[in-house]
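What's counted below: heavy atoms across the whole structure, side chains too, no hydrogens, waters or symmetry copies.
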Amino acid sequence: MKVQQILKMNNTLTGISLFEANTHSKPEKEINLIDTYISRGVDAIVISPVSKVASIPALKRARDKGIKIVTYNSTIEEESIPSSYLNSKQRDLGNSTGKLAAAFIKEKLGGKANVATLGFKALLPEISADRVDGFLEEAGKNNALNVVSQQDAWLAEKAVQVAGDIITANPEINVIYAANEGGTVGAVQAVRNAGKAGQIFVFGVDGTEQLLNFILDDDNVLQAVTAQQPFVMGELAIKAAISAVKGESVEKKVIVPVLGLSRTDPKGAEEFLSYLKSLN
């Protein structure tokens with residue numbers, strides 16, 4: 001889900017108005033929103049672009065009107081347009097969960113696993129590939145992985161169906177990796193629906209309250225996820241936008257560290273869950 005935040009500052013730079021809108025990953029809606037905020041005369045746009053190429057023209061129009069652009073989570077190929085880009089390394093998200101899976105597979109599955117993956121290649125091919133490939137790279141170290149199915153399913157409702165079909169067609173599966181929150185939620189539910197808790201183990205991406213509760217659940221389905229720390233990223237992105245509007249120097253690219261959360265460390269999961277609840 002791509003969330004667009006629009007910053008409007010008054011002439012004295014002492015007051016800030018924040019407008020929010022959601023593109024729902026639709027390019028045409030993103031263009032309309034950007035053009036709307038150009039006409040409103042905002043000072044900065046903080047955005048996770050839908051496309052690294054297709055999002056360029058609208059953001060260029062905004063930049064040419066003097067609006068500062070800050071991108072986060074995803075960016076565009078024209079690097080001169082954003083004042084700053086904030087992101088977690090996508091491969092780190094896969095690597096982090098993959099390392100946790102590697103230890104699990106070695107200890108609990110005898111070093112062998114039949115794996116299925118749920119990605120979002122049709123939506124964001126490069127990011128999906130980084131996360132999936134990063135997971136397999138690390139999970140396969142000193143383990144024997146048999147990848148039996150790789151499908152796309154990034155919305156929870158669809159992921160329940162896709163993962164369920166994979167389980168039915170491949171009864172030997174014992175590990176599912178999902179590359180985003182919706183896929184992870186759907187994979188967990190599919191395992192539960194199939195009555196395979198304790199037989200098929202899910203690993204995923206994103207650190208939401210729902211996923212943390214899954215990790216802490218005693219059904220033993222979701223084993224580990226890696227969080228992007230989006231609140232940290234959002235705070236830093238807004239600060240970068242304010243600095244850019246003020247004419248201050250801003251760092252061109254900021255990498256926000258990822259955070260692995262595992263069933264093997266319930267205290268860490270509980271602490272992160274408490275942190276998330278404190279932000280509500």
Side-chain angles (χ1 to χ4, degrees), residues 87-154 159 162-191 194 196-207 211-212 214-215 219-229 255 257-266 268-269:
N87 195 21
S88 300
K89 288 184 179 179
Q90 299 301 323
R91 200 170 188 92
D92 284 354
L93 290 165
N95 284 161
S96 173
T97 305
K99 288 177 181 177
L100 295 167
F104 177 88
I105 293 168
K106 178 64 67 178
E107 180 181 349
K108 303 294 185 180
L109 302 180
K112 297 179 181 180
N114 296 309
V115 182
T117 67
L118 299 178
F120 45 95
K121 187 176 181 180
L123 182 66
L124 295 167
E126 297 88 357
I127 293 176
S128 178
D130 274 346
R131 294 184 184 184
V132 173
D133 293 347
F135 172 82
L136 295 174
E137 174 185 58
E138 289 295 333
K141 287 183 176 179
N142 300 314
N143 290 315
L145 302 188
N146 176 30
V147 181
V148 299
S149 182
Q150 293 192 278
Q151 303 289 334
D152 257 12
W154 58 87
V162 172
D165 290 345
I166 291 173
I167 292 169
T168 299
N170 303 275
E172 74 277 17
I173 282 177
N174 52 8
V175 169
I176 298 177
Y177 169 72
N180 78 324
E181 178 192 356
T184 306
V185 171
V188 169
Q189 191 58 52
V191 171
K196 295 285 188 176
Q199 300 174 56
I200 299 176
F201 307 96
V202 177
F203 296 83
V205 170
D206 280 334
L211 293 181
L212 268 294
F214 284 172
I215 285 178
D219 66 1
N220 200 31
V221 176
L222 184 59
Q223 300 301 310
V225 295
T226 296
Q228 292 191 77
Q229 304 196 79
I255 299 298
V258 299
L259 179 64
L261 299 160
S262 173
R263 182 176 290 272
T264 59
D265 180 20

Visitor: At what distance, to the nearest 0.5 angstrom, does CG of Asn87 lie from CD1 of Ile255?
Guide: 6.0 Å

Visitor: Holding to side chain to side chain contact (heavy atoms under 4.5 Å, CB included), I want the full list of residues that pass it with Gln150, two or more places apart in sequence or in another chain.
Guide: Thr117, Val132, Leu136, Val147

Visitor: Identify all side-chain donor-acceptor contacts of residues 164-176 below 3.5 Å with residues at least two apart in sequence or on another chain.
Guide:
unit_1, atom_1, unit_2, atom_2, d
Thr168, OG1, Gly164, O, 3.0
Asn170, ND2, Ile166, O, 3.0
Asn174, OD1, Asn114, N, 2.9

Visitor: I'd like to check the side-chain hydrogen bond (donor to acceptor under 3.5 Å, both in side chains) partners of Glu126; sequence neighbours left out, ordered by chain and number.
Guide: Lys52

Visitor: Given 3.5 Å as the limit, does a donor-acceptor pair link the side chain of Asn143 with the main chain of Leu145, or not?
Guide: no

Visitor: How close do Ala122 and Asp152 get, counting heavy atoms only, and between which atoms?
Guide: N-OD2, 2.6 Å

Visitor: Nearest heavy-atom pair of Ala178 and Gly183: which atoms, and what distance?
Guide: CB-C, 3.3 Å

Visitor: At their closest point, which heavy atom of Ala159 faces which heavy atom of Ala153, and how far apart are they?
Guide: CA-CB, 3.6 Å

Visitor: Among all residues two or more places apart in sequence or in another chain, which pass the salt bridge (Lys or Arg N to Asp or Glu O under 4.0 Å) test with Asp206?
Guide: none

Visitor: Where is the tightest heavy-atom contact between Leu118 and Ala163, given as atom of each residue plus distance?
Guide: CD1-CB, 4.2 Å

Visitor: Within this structure, what is the CG-CG distance for the pair Asp130 and Leu124, rounded to the nearest 0.5 Å?
Guide: 11.0 Å

Visitor: Please name all residues satisfying side chain to side chain contact (heavy atoms under 4.5 Å, CB included) with Ala129, sequence neighbours left out, ordered by chain then number.
Guide: Asp133

Visitor: Please identify each residue that fulfils side-chain hydrogen bond (donor to acceptor under 3.5 Å, both in side chains) with Thr184, with sequence neighbours left out.
Guide: none

Visitor: ring-ring contact (aromatic ring centres under 6.0 Å, His included): which pairs involve residues 128-150, sequence neighbours left out?
Guide: Phe135-Tyr177

Visitor: Got a sec, which residues hit side-chain hydrogen bond (donor to acceptor under 3.5 Å, both in side chains) with Gln229, two or more places apart in sequence or on another chain?
Guide: none

Visitor: Nearest 0.5 Å, what's the NZ-CG distance between Lys108 and Asn220?
Guide: 8.0 Å

Visitor: Does Gln228 reach the side chain of Leu93, with side-chain heavy atoms less than 4.5 Å apart?
Guide: yes

Visitor: I need the minimum non-hydrogen distance between Val191 and Ala197, along with the two atoms involved.
Guide: CG1-N, 3.8 Å

Visitor: Which pairs with one or both residues in residues 96-129 pass ring-ring contact (aromatic ring centres under 6.0 Å, His included), sequence neighbours excluded?
Guide: Phe104-Phe201, Phe104-Phe203

Visitor: Could you name each residue pair satisfying side chain to side chain donor-acceptor pair (under 3.5 Å) that touches residues 92-105, not counting sequence neighbours?
Guide: Asn95-Glu137, Ser96-Thr226, Thr97-Thr226

Visitor: Could you tell me whether Lys106 atom NZ has more than 12 heavy atoms of other residues or ligands within 6.0 Å of it?
Guide: yes

Visitor: Check Leu222 against Leu211 and note the closest heavy-atom contact, atom names and distance.
Guide: CD2-O, 3.4 Å

Visitor: Of all residues at least two apart in sequence or in a different chain, which pass the side-chain hydrogen bond (donor to acceptor under 3.5 Å, both in side chains) check with Lys141?
Guide: Glu138

Visitor: Is there a donor-acceptor pair under 3.5 Å between the side chain of Arg263 and the backbone N or O of Ile215?
Guide: yes

Visitor: Once side chain to side chain contact (heavy atoms under 4.5 Å, CB included) is applied, do any residues pair with Lys112, and if so which ones, sequence neighbours excluded?
Guide: Ala144

Visitor: Does Ile200 reach the side chain of Val221, with side-chain heavy atoms less than 4.5 Å apart?
Guide: no

